[in-house]
Each structure stands twice: as C-alpha cells, then as structure tokens.
Amino acid sequence: MSSVLDQRPAPSAATSRQEAPRRRTRLLALPEARWALAALVLFLLALPVYLLDGPAWLWGTLFAATYVTGGWEPGWEGLKALKDKTLDVDLLMVVAALGAAAIGQVLDGALLIVIFATSGALEAVATARTADSVRGLLDLAPTTATRLLPDGTEETVDAETLAVGDIILVRPGERVGADGQVMDGTSDVDQATITGEPLPVAKQAGDEVFSGTVNGTGALRVRVERDPSDSVIARIVKMVEEASETKAPTQLFIEKIEQRYSIGMVVATLAVFGIPLAFGDELQSALLRAMTFMIVASPCAVVLSTMPPLLSAIANAGRRGVLAKSAVVMERLGQIDAVALDKTGTLTEGTPRVTVIRPLPGAGMDEAALLALAAAAEHPSEHPLARAVVDAARERGLALSDAGDFSSVPGEGVTATVDGHTVQVGSPSRLLTGAAHEPHHKAVAELENAGHTAVAVLRDGAVVGVLGIADRLRPDARATVAALTALTGRTPVLLTGDNERAALHLAAEVGITEVRAGLLPQDKVAAVKEWEAEGRRVLVVGDGVNDAPALAAAHSGIAMGKAGSDLALETADAVVVRDELATIPAIVQLSRTARRLVIQNLVIAGVFITALVAWDLIGTLPLPLGVAGHEGSTVIVGLNGLRLLREAAWPRIAKDSS
C-alpha cells in the first residue's frame with residue numbers, strides 16, 4: 001500500500017504529546033477536605049473571640065464545633081483501629097485535645113485538632129489526584145479501531161475487543177489502536193508518550209507500533225500482536241498503581257515510633273492516675289496529676305519537632321519553583337544516594353532545534369540562503385523537523401519564498417518548487433542514494449555521530465547542504481549533574497527511550513558515564529528496582545508518561561513541570577514548576593538540612609518532656625508550670641524549624657562555567 005498525503009494535517013507535537021483531558025476529583029468532593037475546612041473556619045471564627053475575652057458561650061460553642069468537625073473522623077477511625085488492637089496516634093491526639101480542654105487549655109486542643117484534620121485532608125487529596133491521573137492515562141488508548149475483514153471491508157469496533165491476529169487500519173492523525181506490527185504502509189509515528197523520543201519515528205512493514213501513539217501523514221495496516229489488556233499503556237497503568245501502593249505505607253520518621261510512644265503514654269497516664277489513688281490519694285489530686293502528666297508527656301512538641309522544619313522547607317522550595325507534595329516527600333528527598341535522569345524534556349528542552357547549518361562547497365550558498373531555501377520548502381509541512389527548520393529561519397528574520405507543488409512522503413521528506421527550482425528536504429538515507437552522493441555521506445556521518453539528526457537539502461537533484469537538528473541541552477544540565485554527583489557520591493545514570501547514539505553524546509556533554517538507552521517504561525522500572533535491591537535509595541527525574549512508572553517505583557520522584565505529562569506530575573513526589581534543573585540538587589540539600597533540624601528538635605523536645613515528666617512523678621508539678629514548660633518546648637522547636645523559611649536557607653548551586 002503506497003502512502004499518500006492525507007488532507008487532514010498531521011498532529012502537532014503539542015497535540016500528540018498531550019494527554020487526555022484531566023479527570024480531577026473536586027477538592028470539596030472529599031469528605032476529609034470538607035470536615036477539615038469546616039474545622040479550620042470554626043477555629044478562625046473562635047480565635048479572635050477567645051483572645052479578645054468575648055462571651056464564653058460564643059467561643060466555647062465555636063471551639064466545641066471545631067472539636068466535633070475536625071476530630072470525629074480521626075477519633076472514629078482510631079476507635080475502629082482499637083478493634084485490631086492498634087492504638088492510632090490520631091485517636092491519641094483527640095484524647096490529648098479533649099484532655100487539654102478538660103483542664104482549661106481549649107485553644108491548644110482546638111489547634112491540635114485542626115492540624116491533624118488538615119493533615120488527613122492533604123493525604124486524601126494526594127491519593128485522589130493520583131487515582132485521577134491513572135484513570136486519565138487510560139484515555140491515551142483509543143476507544144475504537146478500524147478492523148479490516150478478510151473480504152477487504154472495514155468495521156469500527158471497540159479497541160478492547162481486538163484480538164491477537166486482527167488487522168487494523170490506522171489512518172493519518174489517528175492513535176494506534178493496539179500494540180502490533182506494521183504489515184503495510186509507511187508513516188512517521190509520534191511515540192513520545194511511550195519512549196520519550198522527541199521526534200516521530202519512521203515506520204514501515206515489519207516495525208513495531210504501540211497502542212496510544214499518534215500516526216503521522218501515512219496510512220498503516222497493523223497486525224495486532226498483544227491483547228489490549230496487555231498493551232504497553234495498560235502495563236504502565238498497572239506499574240504505576242502497584243508502585244504507588246507499595247509506597248503508600250511510607251511515614252515520617254516520628255510516625256514509625258508513634259505506636260510504642262502512644263501505648264506507653266496511655267499506660268503511664270493510667271498508672272499516674274491509678275497508683276496514687278490506690279494508696280489513698282484524693283480523686284481530684286490524682287486526676288490533676290494524671291492530666292498534667294498527659295499534657296507534659298503528650299507528643300505535641302515531638303510532632304512539631306518534625307513538621308515545622310519540613311513544612312518550612314516545603315514553603316522555601318515552593319518560592320523557588322519546586323513543589324514538594326508532603327512532609328514525607330521532603331524527608332525522603334534527603335535520603336537519596338543515587339539519581340536516574342531522563343533525557344528528553346529533562347536534561348534537554350524537549351523541542352528539536354536547528355543546531356548546525358552546513359552549506360556544501362561549490363553550492364554557491366551561505367548559511368542564511370541554505371536555511372531560507374529549506375524553510376521555504378518545509379513551510380507547508382506539519383512535521384516536527386519541518387517546524388524546527390521554519391522556526392530557525394524566522395528567528396533569523398529570513399524572508400521565505402512561496403512553495404508550490406508541495407508533496408510529502410513519510411520517512412523520506414518533502415518536495416516543493418521554490419523560485420522555479422525543485423527542492424527536496426529530508427532523510428539523507430533516502431535522498432542521498434547512489435555513488436554520486438558518496439562524498440556527501442561524510443558530512444552526514446559527522447552530524448549523526450555528534451548526536452544530531454541530519455537533514456539533506458537538494459536543489460534540482462544536486463545536494464546543496466546539510467542541516468543538523470537536535471534537542472537542545474538545558475543551560476544548567478552540567479552544573480546539576482555535577483552537584484548531584486557531589487551530593488550522592490556517584491554520578492547520575494541516564495535512562496532514556498531515545499537511541500543509544502544520541503544518548504551517549506548527550507551523556508558525554510553533561511558528564512554522565514552510565515547510559516541505558518532504548519528503554520520502554522517497564523525497562524526503566526526494572527533498572528530502578530535493580531538499584532533498590534542493591535540497597536540504593538534512587539531519585540528518578542523525568543517528565544513523560546513513559547517515566548511515570550519509574551517515578552512511582554523510585555524512593556523519590558521529581559517531574560519537570562512545564563512540559564510534563566499529567567501522569568508524571570501526579571505520580572512524582574515533587575514538581576519543578578519552572579524546569580530549572582539546578583533546583584533539584586538544591587531541594588535535596590535543603591531536605592538534608594531539614595532532617596538535621598528535625599533531629600535537633602527531637603533532642604530539645606525529649607529533654608523538656610523528660611524533665612517535666614520527672615518533676616511531675618517525683619515531686620508536684622504545678623499545672624500552669626507544666627503547661628508553660630510544654631508550650632515553651634513547643635515554641636522553641638517550632639521557631640527552630642521556621643529558620644528554613646529564610647532566603648539564606650536555600651542552597652546555592654554553582655552555575656555551569658563552560
């Protein structure tokens with residue numbers, strides 16, 4: 001089957017790389033978010049009334065409503081956990097808040113309730129958004145396909161009903177309906193969603209194509225080789241879901257010891273109440289001592305030892321264009337000791353650009369004339385390489401002649417009449433055939449060996465020049481690789497679906513020594529799991545759908561935000577909003593600083609709690625003094641953690657001097 005130019009334009013890069021419309025769960029559709037918001041509003045209404053000595057009935061009612069709206073759900077979940085003989089820290093916090101209210105510390109208890117309700121709501125939102133993005137990924141695969149019957153007729157069927165061995169027709173601009181092998185036809189297929197390659201790949205008989213990738217200007221007949229439930233897209237969904245479930249139990253360091261602390265605190269409080277009572281102490285005295293013990297031993301200061309440094313680090317990173325999704329994420333980023341980087345859209349800008357313009361000797365052209373000639377012929381084309389050539393001419397302000405008799409052959413190039421000359425622009429392997437073109441192959445080989453895609457330009461059958469097109473390296477790529485190497489003690493690894501030659505060339509430019517190229521999404525996950533099995537804590541940095549499974553499987557994942565796919569942005573633990581690579585080593589270093597402050601705070605909180613508890617058990621600790629000591633330790637650790645809000649706390653990463 002010969003391929004002809006369809007009347008419909010080929011999909012643009014922006015169109016083909018985008019994902020299906022987002023299916024976002026509305027924030028207030030989550031009950032956790034609604035209850036947390038209600039608790040926060042009630043608390044903010046009660047606070048000024050309480051501080052200004054307003055009517056007790058008013059602030060009392062508002063605070064009581066705060067306790068109910070923010071505390072009933074964690075309290076109920078905690079009670080259900082007791083059935084499984086598990087003491088949930090949320091239940092302990094509710095009890096501590098009620099205890100604080102019982103001895104007059106209504107404000108402290110309400111604040112504790114609001115903090116925990118908000119934390120639960122944020123966790124629910126993160127879970128819902130990840131589920132949304134996974135569901136949206138399924139829309140990448142088309143719902144219908146055109147199946148060819150043995151008698152040559154066509155029928156439109158649901159893509160999920162296709163079976164191995166079926167023959168489908170993929171028209172220009174359509175998404176491929178199933179993983180399979182091209183039987184007939186030639187076309188350029190944009191498979192950036194699967195491999196991350198920035199340019200469409202020429203496909204012809206015998207080549208493999210993937211479900212969800214976008215066909216270019218040619219028509220393809222494809223034999224289905226995999227059941228739709230086992231397609232690459234379906235496997236990406238499965239890998240993301242499995243990896244997300246594996247990471248779900250991850251907790252902050254302090255939460256890992258909360259069970260023992262919680263049980264110990266409850267037992268100790270009961271003992272402080274019951275033992276003196278058994279030896280004849282008065283009920284009121286024993287209760288007061290027990291409540292004082294609960295207040296001074298409550299984990300408020302311990303919790304605040306952890307949260308302010310991490311939340312301050314999150315806020316500081318946010319001002320610099322890096323969004324860490326939770327305190328757990330900020331803590332984990334500082335633990336990484338290995339880094340895997342994607343190529344296209346991460347180390348590079350993800351957009352092909354003309355990097356070399358090489359007129360051939362004797363052609364009678366300079367760089368401007370060669371570029372203008374090629375751009376004039378390419379102007380009607382929708383191919384990404386054509387747009388790169390036209391954009392380069394526009395950036396130089398070159399005037400383009402009108403092109404007539406335009407035609408395009410997928411995998412070969414374009415032909416047009418420009419100023420009375422027949423101009424061909426396209427693949428050197430297709431246009432430069434025969435012994436007459438042997439001398440030109442050297443120029444092409446030099447460009448390709450340097451990591452460029454070579455484009456030949458012919459005028460009236462004679463070669464007049466060669467253009468080199470490549471994905472431009474981000475300005476801070478070298479400095480970022482050097483900084484990450486210094487932080488982890490080992491050079492980052494390049495994981496890419498792009499071809500090995502381009503990957504090796506870019507790796508050499510940025511100082512990377514280990515390269516794994518031509519990878520599908522499952523291959524990237526396998527590499528991450530291999531390193532994790534060796535005991536490494538891997539940070540993966542990527543931007544595409546093909547990176548999402550690795551982002552989910554890694555110890556930590558960071559997505560590039562500007563051109564990042566929805567799935568990558570939702571799956572990653574953090575997002576670099578402005579695509580500034582240098583912020584990646586900076587946030588890792590900031591996380592490590594936050595972890596040091598957490599340890600400092602835990603020591604401070606531990607000293608205060610030990611001293612106050614000992615005083616209460618050995619002597620008689622006055623309740624006001626116990627509350628003051630407890631609140632004092634809370635303030636100290638809080639202020640210590642807030643130091644990371646300062647501008648000076650953001651690490652300075654050296655710029656690339658080359």
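Just so it is clear, the structure is predicted and the values come from calculations on it, not from any experiment.
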After noting the C-alpha distance and the side-chain angles of Val455 and Ile469, does the key distance pass the side chain to side chain contact (heavy atoms under 4.5 Å, CB included) rule? CA-CA 8 Å; Val455 175; Ile469 298 177; 3.8 Å; yes
Are the side chain of Thr144 and the backbone of Ala159 linked by a donor-acceptor contact shorter than 3.5 Å? no
Is there a donor-acceptor pair under 3.5 Å between the side chain of Asn215 and the backbone N or O of Val170? yes
Mind checking the CZ-OG1 spacing from Arg459 to Thr422? Nearest 0.5 Å is all I need. 11.5 Å
For Gly557, does its backbone N or O pair with a side-chain atom of Asp573 as donor and acceptor, under 3.5 Å? yes
Can you see which heavy atom on Val423 is nearest to which on Val425, and at what distance? CG1-CG2, 4.0 Å
Do the side chains of Leu347 and Ile512 get nearer than 4.5 Å, heavy atoms only? yes
So do the side chains of Leu506 and Thr496 get within less than 4.5 Å of each other, counting heavy atoms only? no
Atom pair CD/CZ of Glu349 and Arg472 - distance to nearest 0.5 Å: 4.5 Å
Please find the pair of heavy atoms, one from Ala403 and one from Pro380, that lie closest to each other, and give the distance. CB-CG, 4.5 Å
Can you tell me if Asp158 uses its side chain to pair, donor with acceptor, with the backbone of Glu160 under 3.5 Å? no
In the structure I gave you, are the side-chain heavy atoms of Leu447 and Val356 within less than 4.5 Å of one another anywhere? yes
Nearest non-hydrogen partners of Pro549 and Val525, listed with the distance: CB-CG2, 3.3 Å
Validation: residues 485-492 side-chain donor-acceptor distances under 3.5 Å, sequence neighbours left out:
from, atom 1, to, atom 2, distance (Å)
Thr485, OG1, Val481, O, 2.7
Thr488, OG1, Leu484, O, 2.8
Thr488, OG1, Arg490, N, 3.4
Thr488, OG1, Arg490, O, 2.9
Arg490, NH1, Asp337, O, 2.8

Side chains of Leu220 and Val189: does their closest heavy-atom pair fall under 4.5 Å? yes
Sequence neighbours excluded and cut-off under 3.5 Å, please list the side-chain donor-acceptor pairs for residues 360-378, or say none.
from, atom 1, to, atom 2, distance (Å)
Asp366, OD1, Ala368, N, 3.4
Asp366, OD1, Ala369, N, 2.8

Output, in order, the C-alpha distance, side-chain angles, deciding distance and verdict of side chain to side chain contact (heavy atoms under 4.5 Å, CB included) for Glu174 and Leu169. CA-CA 10 Å; Glu174 292 183 344; Leu169 174 65; over 6 Å; no
Flag the pair Glu225 / Asp179 as yes when at least one side-chain heavy-atom distance between them is below 4.5 Å, and no otherwise. no
Is Glu530 atom CD crowded by more than 12 heavy atoms from other residues, nucleotides or ligands, each under 6.0 Å away? yes
Side chain to side chain contact (heavy atoms under 4.5 Å, CB included) evaluation trace for Trp650 with Leu590: CA-CA 7 Å; Trp650 181 256; Leu590 182 66; 3.8 Å; yes
Looking only at heavy atoms, the pair that brings Gly206 and Gln181 closest together is O-NE2, 3.4 Å
Go through the steps for Arg320 and Ile587 under the test side chain to side chain contact (heavy atoms under 4.5 Å, CB included), then give the verdict. CA-CA 9 Å; Arg320 303 287 179 169; Ile587 195 173; over 6 Å; no
Do Arg147 and Val224 have side chains that get closer than 4.5 Å, going by heavy atoms? no
Test item: Lys203 side-chain N/O and Glu208 main-chain N/O as donor-acceptor pair under 3.5 Å: yes
Roughly how far apart are Glu155 CD and Leu148 CG, rounded to 0.5 Å? 9.5 Å
If we only count heavy atoms from C-beta on, is the Leu581 to Met560 side-chain gap below 4.5 Å? yes
Check whether any side-chain N or O of Thr355 sits under 3.5 Å from a backbone N or O of Gly468 as a donor-acceptor pair, and report yes or no. yes
Between Arg478 and Gly511, is there a donor-acceptor pair closer than 3.5 Å when you use the side chain of the first and the backbone of the second? no
Quick one, Ile558 and Leu333 - any side-chain contact, counting heavy atoms below 4.5 Å? yes
Could you check whether any side-chain N or O of Thr348 sits under 3.5 Å from a backbone N or O of Gly345, counting only pairs where one atom can act as donor and the other as acceptor? yes
What's the spacing between Arg171 CZ and Thr146 OG1 if we round to 0.5 Å? 5.0 Å
Minimal non-hydrogen separation, Phe210 against Val176, with atom names: O-CB, 3.4 Å
If you round to the nearest 0.5 Å, how far is CD of Glu514 from CG of Leu495? 8.0 Å
Minimum heavy-atom separation for Leu162 to Asp227, with atom names? O-OD2, 4.3 Å
Arg221 side, atom CZ; Ile168 side, atom CD1 - distance, nearest 0.5 Å: 12.0 Å
Salt-bridge criterion met for Asp391 and Arg353 (N-O under 4.0 Å): no
